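Just so it is clear, the structure is predicted and the values come from calculations on it, not from any experiment. Numbers here are sequence positions counted from 1.
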Amino acid sequence: IVLHGIADIGFRYQASCELLKRALDVINSESADEITGVCITRVFETSIAEKALKKNDFVVALNDLDLRDNGTILDPRY
């Protein structure tokens, strides 16, 4: 089997900011700057993500790797 391109993870997201975090109530005792992640804007039907995510979820990590507010992954190895 030969696969070309990057697999689609089955959802779309919006970069987050302090205002969005407050609107989604993702701020607990930490400040908005200390919590990083993205807001899920769409989950595609029949995707693997459909089993775990829904619109307006706030994702802070993928596979135990932290996400920045712009959607990039923080890998401590680099």
Item to check | Qualifying salt bridge (Lys or Arg N to Asp or Glu O under 4.0 Å) pairs with a residue from residues 37-54, counting only residues at least two apart or across chains | outcome: Lys54-Asp57
Mind checking whether [X] and [Y] have side chains closer than 4.5 Å, heavy atoms only?
{"X": "Leu20", "Y": "Gln14", "value": "yes"}
{"X": "Leu67", "Y": "Val59", "value": "yes"}
{"X": "Ile40", "Y": "Phe58", "value": "no"}
{"X": "Asp66", "Y": "Val60", "value": "no"}

Checklist entry - With sequence neighbours left out, what residues match Asp64 under side chain to side chain donor-acceptor pair (under 3.5 Å)? => result none
Checklist entry - Looking only at heavy atoms, what is the nearest atom pair of Phe44 and Phe11, with distance? => result CD1-N, 3.9 Å
Checklist entry - Nearest heavy-atom pair of Gly10 and Ala49: which atoms, and what distance? => result O-CB, 4.0 Å
Checklist entry - Say you draw a straight line from CG of Leu62 to CD1 of Ile9; how long is it, rounded to the nearest 0.5 Å? => result 6.5 Å
Checklist entry - Any sub-3.5 Å donor-acceptor pair from Asp75's side-chain atoms to Arg77's backbone N or O? => result yes
Checklist entry - Has the side chain of Lys21 got a donor or acceptor atom that lies under 3.5 Å from a matching backbone atom of Ser16? => result no
Checklist entry - Can Cys17 and Asp69 be said to form a side-chain contact (heavy atoms from CB on, under 4.5 Å), step by step? => result CA-CA 7 Å; Cys17 63; Asp69 287 337; over 6 Å; no
Checklist entry - Should we say atom OH of Tyr13 is surrounded by more than 12 heavy atoms from elsewhere, each under 6.0 Å from it? => result no
Next on the checklist: A quick test of your reading: do over 12 heavy atoms of other residues, nucleotides or ligands sit less than 6.0 Å from CD1 of Ile48?
Outcome noted: no
